[in-house]
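The next block holds one structure in the form of C-alpha cells; read it before the comments.
Here is the naming used below: chain letters follow the sequence lines, and residue numbers restart at 1 for every chain. Any value given below was found using the heavy atoms of this structure, including those in side chains, with hydrogens, waters and symmetry copies removed.
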Amino acid sequence: MPTFGLIDGNSFYCSAEQAFAPELRSRPLVVLSNNDGCAIARTPEAKALGIKMGEPWHLFRKRPESRAVEWRSSNYALYGDMSRRVYDVLTERVPQVEPYSIDEMFLDLDGIPDLDRFCRDLRRDVRQIAKIPTCVGIGPTKTIAKLANKIAKKETALGGVCDLRDPELRARHYERLPIAEVWGIGGQVGAKLAAAGITTIADFVRADPRAVRDMLTVTGARVQTELRGASCLPLSLMAPTRKGIAVSRSFGHMIDRPAELREAICTFAARAAEKLRAEGLEAGQITVFTHTNPHNGDPWYSAQRQGKIEPTADTGLLIGEAIRLLRAVWHPGYRYFKAGVMLQDLAPARRQAVLFASFDRDQSAAAMKAMDAINARFGRGTLRIASTATSPSWGARRQNLSPRYTTQAGEMLVANSF
DNA sequence: TCTGGGGTCCTAGGACCC
DNA sequence: TCTGGGGTCCTAGGACCC
C-alpha cells in the first residue's frame, strides 16, 4: 500500500509576508486578492477576529475590529519564490515531490522508517530554511492525506503532523467529520449528498458505490474509493502539458471607451504570449471576453469570441487576432468591469518550417527571442508592442504592496531579520 | 467608490458522418 | 403504420480546486 504525504504552508501568503517583516508576526494580518478586493489569506489572529475567507475587504474595513488588522496587497512574485524555496528543501529530503499548488506539495513517503519523526524533522527544516510554517498529513491515498493535513491544521495539539494510515483511527474521524471537509466535495455536491441523508464521511464511505456513481459521476466515485483506502490518484512527477493560458483582470475603474478596452486586451494578449513562450508552446486558438460588473446593478452584458489561428507564439500576431475578436465583443453603451484573453490548443513550438505558412516563422521566432531576452535583462515591458500599456489607467488597485524582497535586486533586504 | 485570477475535469447535447 | 445505430468532434456549462 502506498503512503502519501501532503505538506502545506500555514496561511501561506501571510507567512511569506511575515518571513521578511518580523513586525507582522503574531499579528492579525490578511493578504488581499488582486484589486485589493477580498481577503484570500489570514493569520490565525485575523481568523479569530472573524474575517472570513473571500470576504470583501471594503465591507470588513467598516467594522471597528478592522483597525487592529494589518493588510497587504497580494505579491505573487514573492509567494512564487517562497514556494520554490519550500520545494527545494523538500526535494533534498523526500524521494518524490509533486507540487500541487503554490502552497501544497504531495510527497511519496513509501518505505520511510519512523515516519512521525521524519515528518517532524521535515517541518522543522522547512521552517528554518524556507521560513514557512507548515502542516503534514499522511495517508494511504492522496484524498486521505489531504484530510489528515486538514486535521493537523485544526488540532494544534498534534504538533503539525497527522497520520491517518491506521484504519481504526481513520474510522473514528470519519464518524465525526462532515463530508464537506473532503477534497473534491464542494457546496453543490455537499447539498446533494445531504438531501440523500449523507452528512458524515462515514455515511459517504458506507454508501452503495453504484448509487454514488449515479449521483456524482466518476469524480464522486473516485473520492469514495480513495476514502475507502484504495489509491486511484497516483503521484505525478511530470507536470501535465497545460490545456490553456488565461490572462484576465477586473479593472481599477469601469471602462466605457473602446480605446481603453483595446489597450487592456492588447496588454493581456502580450502577457499571455510571454507565458506561452516561457513554456515553449504555441497556441492554435485564442478567446477574448469581457463583461460588465455583476455586483453594482449595472445592466449585465457578457460576450466572448474565439478564433482558430495558425499555431504561433508571436506577440504581434496574437495581438492582431485579439483585436479582431474584440470588435465582435465590444458593444457600446456598457461600462466594462473585467476582460481577458485565453489561449487554447497549446502544443510545443515546432522548430521546422511549415509549408504554406502565412508568415515567416523563423523571423517571428527570432524577434520574439530577442524581445524576451531584453525584457528578462532590463525588466518586463522594456520592449513592448505600442498598443500595450505598462502603467495603465485601468490598472488594479494595489495600495499596500510589500517590497519584492526576494526577486527584485533593488528591493532586497540588506540584512534580513531571520 | 468598493466583491480575484487561473486552472482542471466531466457531462450533455448538437452536428456530422457512415 | 411506426422512426437505425454508433462513433467522433465541438461547445457550453457546471462543479471543483487553490
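- Taking atom CD1 of residue A:I185 and atom P of nucleotide C:dC18, one finds them 12 Å apart after rounding to whole Å.
- Checked against A:E45 for a side-chain contact (heavy atoms from CB on, under 4.5 Å), the options A:P28, A:S11, A:C14 give a single hit: A:P28.
- At a threshold of 4.0 angstrom between heavy atoms, the contacts of A:E55 with the nucleic acid are absent.
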Spell out protein contact along nucleotides 1-8 of chain B as letters: B when the base is contacted, S when just the sugar-phosphate is, - when no protein heavy atom is under 4.0 Å; keep the 5' to 3' order. -BBBSSSS
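- Remark: A:D372 does not engage A:K369 in a salt bridge, criterion side-chain N to carboxylate O under 4.0 Å.
- Note on A:E226 versus A:K146: no salt bridge recorded, every NZ/NE/NH1/NH2 to OD/OE distance being 4.0 Å or above.
- A donor atom on one side chain and an acceptor atom on the other are not found under 3.5 Å apart for A:D298 and A:T292.
- A:I179 has its CD1 atom 17 Å from the P atom of C:dA15, to the nearest Å.
- A salt bridge links A:D81 with A:R84: at least one charged nitrogen is closer than 4.0 Å to a carboxylate oxygen.
- At a cut-off of 3.5 Å, with distance as the only test, no side-chain donor of A:T143 or A:R222 sits close to an acceptor on the other residue.
- Between the C1' atom of C:dA15 and the CE atom of A:M215 lies a distance of 15 Å, rounded to the nearest Å.
- One atom, CD of A:E181, and another, C1' of C:dC16, lie 16 Å apart when rounded to the nearest Å.
- Annotation: A:W183 is in aromatic contact with A:Y100 [ring centroid separation under 6.0 Å].
- Comparing C:dG4 with B:dC16, their C1' atoms sit 16 Å apart, to the nearest whole Å.
- One interatomic measurement links the two molecules: CG of A:L216 to P of B:dC9, which rounds to 19 Å at whole-angstrom precision.
- Ion pairing of A:E260 with A:R335 is absent here, as no side-chain N (NZ or NE/NH1/NH2) approaches a carboxylate O to less than 4.0 Å.
- Using a cutoff of 4.0 Å between basic side-chain nitrogens and carboxylate oxygens, A:E321 and A:R324 are scored as salt-bridged.
- Heavy atoms of A:G340 sit nowhere under 4.0 angstrom from any nucleic acid atom.
- Contact annotation for A:K192: no contact, since no heavy-atom pair falls under 4.0 Å across all strands.
- In this structure, C:dC18 forms a base pair with B:dG5, meeting either the Watson-Crick or the G-U wobble geometry with both donor-acceptor distances under 3.5 Å.
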For nucleotides 10-13 of chain B, list the nitrogen or oxygen atoms of the protein found under 3.5 Å from its nitrogen or oxygen atoms, one pair per line.
unit_1, atom_1, unit_2, atom_2, d
B:dC10, OP1, A:R222, NH1, 3.4
B:dC10, OP1, A:R222, NH2, 3.0

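- A:V182 comes within contact range of the sugar-phosphate backbone alone, with a heavy-atom separation under 4.0 Å but no base atom that close.
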